[in-house]
Amino acid sequence: MSQIPCPQITDLEDILPEEPLLMMGAGPVPIPQRVAKANSIVINHLGDTMAQVIEQVKTMSRYVFQTHSPWILGVAGPGSAAMEMAISNLVWSKTSVLAIENGFFSGRLAEMAKRAGANVHRYQVEQQSLPDLAVIQRLIDSLKPEVITLVQGETSNTVCNKNLQEIAEIAHAAGCYVIVDAVCTLSTMPLPMDEWKIDAVITGGQKGLSSIPGVSLIAFSPRAYERIHSRPTDSPQWCLDARLAEKFWHQSSYHYTAPVSGILAIHEALALICRETITNRFQRHLRCSLALQRGIEAMGLELFVPSQARLNSVIGIQLPAGIEQKALLAHISGRYKVEIAGSFGLDIVRIGQMGEQSRAHHLFRTLHAFGCSIRDLGGKIDLPTAMAELERGLQAYTTTESKPVD
Ligand SMILES: *Cc1c(COP(=O)(O)O)cnc(C)c1O
């Protein structure tokens, strides 16, 4: 047998763009220097140093999730792995699940529950609107679900379930376990887990937290954790089994080799949130997102979702007539070195406002690049007015941007 020949490969330098792109899409988002630096370090995944890091990650997570629950767990994997961890530990064969579905990611939760063997009822929420509380109450009364799944922010179509607290209240009153996907929103807007009586909150690294993709966090309420410990069968997912993950996250022992660099990175991302405080961080996100929305509208464009259901963490924008989504994304990236996102099947573009994306200087560059790109492609917009409105918005929504981090 002849040996498989050694392949010819292109140097990474020649593959990557000459100048780093400003990542203003729906994630991954830019990471602070401290996060990048931590991500370049490898340490022993067990032992005293790691134990100290893990303790602090859990302590800081409790602040960010706003929970007293000890049951913080991490997972080596994308936000979807954390979603699957929540589902596969709380849901099993024949569990009755009500999935509140307003888009791609809430649909993914429903799909995961179905694959876990649950009886899933999907409540498909009308496009661009909030779930109806009366419908949810009726579905709870008739289906008696044990578990309810939903997203806080539906990144795919930029809908925000602003009545999440009321939904969780209704669900809790009926004894349901509430699983909330906050991959996009955690640390960008309030989600006080204990106060709102949520049983599992899921987040990823590369969005609201401004860490790297591939290491995610999850918080379970004590009540949810009791359910996990009293499951009738072992979780079929060995890697995602919370009872096994507990060994690493709560007993300083081995489950699988932890993604050490990514955990150090998330430690730094959480430390930056603590230094900023969540109150200031929410304020910064709100101010930046509202100012950017104001600039986009002043340009003459329309936002995709009406304000009562609009997500601030990712802004969905309707394309002007004659502008093709793909061409616009390629142009703004190639010419202006700014990356924004399309969407799943929708004719909109999305600009992220998560973590490091919500900085005034990024907003100016992004709005300018966006307007110029539309103009370059033959669209009619008012760019000077847009830029002025962005500045007015920043001044109007508050005068203090929290101190930039080093
Ligand atoms: C991005 C996202 C996910 C999936 O995260 P991955 O890291 O891509 O697996 C899930 N839910 C929401 C709301 C998201 O925005």
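Start at 1 and go down the list; that is how both ligands and their atoms are numbered.
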query = Against heavy atoms of Gln206, which atoms of ligand 1 measure under 4.0 Å?
reply = 6 (P), 7 (O), 8 (O)
message = Counting non-hydrogen protein atoms only, what is the nearest one to atom 15 (O) of ligand 1? Give residue, atom name and distance.
response = Thr155 OG1, 2.4 Å
ask   = Looking only at heavy atoms of Pro213, does any of them come nearer than 4.0 Å to an atom of ligand 1?
value = no
inquiry  = To check your reading of the model: name the closest protein heavy atom to atom 9 (O) of ligand 1, its residue, and the distance in Å.
reply    = Ser80 OG, 2.6 Å
note = When distances are taken from atom 1 (C) of ligand 1, the protein heavy atom at minimum range is Lys207 NZ, 1.4 Å
inquiry  = Polar contacts were defined as any N/O atom of the residue lying under 3.5 Å from an N/O atom of the ligand; does this apply to Gly79 and ligand 1?
reply    = yes
query = With a 6.0 Å cut-off on ring centres, are Trp71 and His250 close enough?
reply = yes
task = Write out the residue and atom name of the closest protein heavy atom to atom 11 (N) of ligand 1, then the distance separating them to 0.1 Å.
result = Asp181 OD2, 2.5 Å
key: Geometric cation-pi criterion Arg243 and Trp238, 6.0 Å radius, 45° cone   = no
query = Within a strict 4.5 Å, meaning less than it, do heavy atoms of the Asn312 and Cys160 side chains meet?
reply = no
request  = Decide whether the shortest distance between a heavy atom of Glu154 and an atom of ligand 1 is less than 4.0 Å.
outcome  = no
ask   = Strictly under 4.0 Å, does any heavy atom of Met83 approach an atom of ligand 1?
value = yes
message = Does Lys207 qualify as a cation-pi partner of Phe105, given the criterion of NZ or CZ under 6.0 Å from the six-membered ring centre and within 45 degrees of its axis?
response = yes
Main-chain N/O of Leu346 paired to Gln325 side chain as donor or acceptor, under 3.5 Å = yes
inquiry  = I'd like to check Ile340 versus Leu329 (side-chain heavy atoms, cut-off strictly below 4.5 Å). Are they in contact?
reply    = yes
